[in-house]
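Per chain, numbering begins at 1; letters A, B, ... match sequence-line order. Since we're looking at a predicted model, the values are computed, not measured.
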Protein chains: 2
Amino acid sequence: MKNTTSAKKRSPGRPRSFDRQAALETAMKTFWAQGYETTSISDLSRAMGINAPAIYSAFGDKKQLFLEAMRLYLGDPQSQAEAIAGAASAREAAAMVLANAVRTFTGEDTPKGCLIGTGLATGSPAAADVRAEGAATRAALEALLTSRIERDKTGGLLPVDTDAGTLAALVSCTVQGFSTLARDGAPAARLQAIADFVLRGWPEIEGEGVDAEAVRRAGDS
Amino acid sequence: MKNTTSAKKRSPGRPRSFDRQAALETAMKTFWAQGYETTSISDLSRAMGINAPAIYSAFGDKKQLFLEAMRLYLGDPQSQAEAIAGAASAREAAAMVLANAVRTFTGEDTPKGCLIGTGLATGSPAAADVRAEGAATRAALEALLTSRIERDKTGGLLPVDTDAGTLAALVSCTVQGFSTLARDGAPAARLQAIADFVLRGWPEIEGEGVDAEAVRRAGDS
DNA sequence: GACATTTACGAGCGATCATTATGAAAAACA
DNA sequence: TGTTTTTCATAATGATCGCTCGTAAATGTC
């Protein structure tokens with residue numbers, strides 16, 4: 001029985017010589033830059049500064065390490081759900097999601113683009129289950145947005161004939177597009193300009209103008 | 001000196017036992033489904049039905065084979081340039097590009113998504129040059145769209161304060177987003193609905209209404 | 001200091017990677 | 001038929017893949 005992820009048990013043996021969290025963060029960035037299957041254990045070992053056996057004893061195998069890196073990348077899933085549900089409108093929620101993607105994909109200290117979108121875009125059939133995890137996070141985001149949009153429809157903030165699925169897919173589509181554009185070197189300002197453009201076309205109840213700039217500011221939170 | 005890609009020289013020796021074009025098409029689909037680096041020569045050999053040495057003698061190495069598959073995937077680059085330049089408006093050009101992406105990414109007989117966008121999304125530093133080729137095709141599309149938009153601005157079809165770069169990036173962003181959504185299983189109708197939504201927000205000269213449906217039909221060519 | 005426990009590290013596991021040397025087989029030309 | 005030319009299939013190249021074994025080192029407890 002190895003002591004891998006959880007387990008707060010006392011360990012009277014030799015202490016670990018590296019910071020597990022820091023090593024995980026380095027692994028995340030390495031996967032982020034190179035992709036899941038195209039990052040080798042020896043790549044990770046070199047970047048993390050620890051030998052291969054130490055990786056296995058601390059994180060399990062390559063798949064488990066990636067999944068843990070993915071969870072670190074995604075942060076608390078509940079906070080995202082609450083942010084979307086708690087936004088003043090679906091449009092504000094979308095603005096938040098897009099602004100967050102811009103920030104994440106163009107960070108200075110991290111690789112460009114989306115760890116999941118690009119690092120898990122494709123690969124061999126052997127890694128199909130890991131890719132399915134990535135697709136599940138996208139589906140979860142779309143589901144959250146869809147229900148938030150439906151709530152706006154019943155709440156009178158959106159026309160009742162709004163196609164919630166399409167609108168949610170539009171946001172997801174834009175986020176995924178950001179990933180490729182960011183990886184190609186697009187600056188944050190350009191991505192944000194695209195986000196503003198998309199939000200400008202957000203459906204409205206007739207007669208109610210919306211201050212797009214205010215919505216954008218709200219997304220910076 | 002092997003007889004690889006071009007070279008129409010007479011070959012008095014034993015004729016090839018397989019259809020080079022059909023083999024290339026199979027290689028394209030294999031790369032399309034599995035990605036560049038994550039597709040092995042043995043994967044290709046199995047799919048193409050020919051042994052590894054035959055691949056090398058007919059196509060060169062793996063990189064050359066992928067690049068040739070990429071050219072087959074992209075089709076004639078001049079025809080795309082002419083289609084964008086020859087469209088009645090930048091908006092129609094964008095509609096065409098988007099509709100074409102929808103068709104290509106959701107085809108029945110081909111893998112879902114974009115060969116270049118997903119198959120070349122990420123990878124090891126050793127394949128950076130191949131990824132650069134993929135990024136170059138995206139940059140070329142954006143450049144074509146940007147100049148088409150600029151032409152519409154001077155031609156009075158678009159407001160003079162239109163940000164051509166952002167608008168072109170929006171189209172490219174949407175196309176790249178389509179790739180991920182299609183790979184996740186989104187049907188063509190959903191992608192087309194997103195495209196329609198994006199096109200509905202296309203800038204207009206004040207007072208000139210645009211029939212979005214007619215623009216969409218034009219994209220079906 | 002002996003003991004139990006845990007980690008660190010070098011070495012090595014079989015499998016697969018992209019690629020090629022080899023030589024027999026087959027077709028075209030003489 | 002003989003020669004030339006090219007392709008064919010088999011097999012092997014060294015390198016790297018993900019992963020693990022064995023042993024030394026470092027801790028807490030006795």
Side-chain angles (χ1 to χ4, degrees), chain A residues 1-24 27 30-31 34-69 123-130, chain B residues 1-20 22-23 27 30-31 34-69 123-130:
Chain A
M1 233 8 102
K2 298 285 175 67
N3 188 15
T4 58
T5 61
S6 51
K8 290 269 183 176
K9 283 210 272 190
R10 276 262 139 258
S11 35
R14 176 174 175 171
R16 194 170 274 133
S17 68
F18 59 92
D19 183 339
R20 190 183 186 280
Q21 194 62 21
L24 176 60
T30 309
F31 278 130
Q34 298 208 22
Y36 171 51
E37 289 191 89
T38 41
T39 297
S40 69
I41 295 290
S42 98
D43 288 335
L44 293 165
S45 170
R46 196 177 310 112
M48 300 161 88
I50 59 182
N51 292 330
I55 297 180
Y56 283 88
S57 102
F59 300 101
D61 62 6
K62 186 182 172 183
K63 183 196 291 187
Q64 289 176 318
L65 174 56
F66 180 83
L67 291 176
E68 194 172 344
S124 73
D129 52 347
V130 183
Chain B
M1 256 338 122
K2 298 286 176 65
N3 189 15
T4 58
T5 58
S6 50
K8 291 269 182 173
K9 283 209 272 189
R10 276 262 139 259
S11 35
R14 175 176 175 174
R16 193 169 275 134
S17 68
F18 59 92
D19 183 339
R20 191 182 186 280
T30 308
F31 279 130
Q34 298 208 21
Y36 171 52
E37 288 191 89
T38 41
T39 297
S40 69
I41 295 289
S42 100
D43 287 335
L44 293 165
S45 169
R46 196 178 311 112
M48 299 160 87
I50 59 182
N51 292 329
I55 297 179
Y56 282 87
S57 107
F59 299 101
D61 61 7
K62 187 182 170 182
K63 183 195 292 188
Q64 289 176 316
L65 173 56
F66 180 83
L67 291 175
E68 194 171 346
S124 73
D129 52 346
V130 183

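For Asn51(B), the side-chain contact (heavy atoms from CB on, under 4.5 Å) criterion is met by Pro53(B), not counting sequence neighbours. Remark: Asp19(B) pairs with Gln21(B), Ala22(B) by the side-chain contact (heavy atoms from CB on, under 4.5 Å) rule, at least two apart or across chains. Every residue two or more places apart in sequence or in another chain that forms a side-chain contact (heavy atoms from CB on, under 4.5 Å) with Ala52(A) is listed here: Ile41(A). In terms of the side-chain contact (heavy atoms from CB on, under 4.5 Å) criterion, residue partners of Thr30(A) (sequence neighbours excluded) are, by chain and number, Thr26(A), Thr39(A), Leu44(A), Ala47(A).
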List every contact pair, protein side and nucleotides 22-24 of chain D side both N or O, where the distance is under 3.5 Å.
none

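At a threshold of 4.0 angstrom between heavy atoms, the contacts of Thr38(A) with the nucleic acid are absent.
Listed nucleotides: dC17(D), dC9(C), dT19(C). Nearest to the side chain of Asn51(A): dC9(C). The side chain of Ala52(B) has dT20(C) as its nearest neighbour among dT7(D), dA27(C), dT20(C). Taking the side chain of Asp61(A) as heavy atoms from C-beta on, and the options dT19(C), dG18(D), dC19(D), the nearest nucleotide is dC19(D). Distance from the side chain of Lys62(A) is smallest to dC19(D) among dA9(D), dA18(C), dC19(D).
Residue Ser42(B) places at least one side-chain N or O closer than 4.0 Å to OP1 or OP2 of dC17(C).
Counting only residues at least two apart or in different chains, salt bridge (Lys or Arg N to Asp or Glu O under 4.0 Å) contacts with residues 38-49 of chain B comprise Asp43(B)-Arg46(B).
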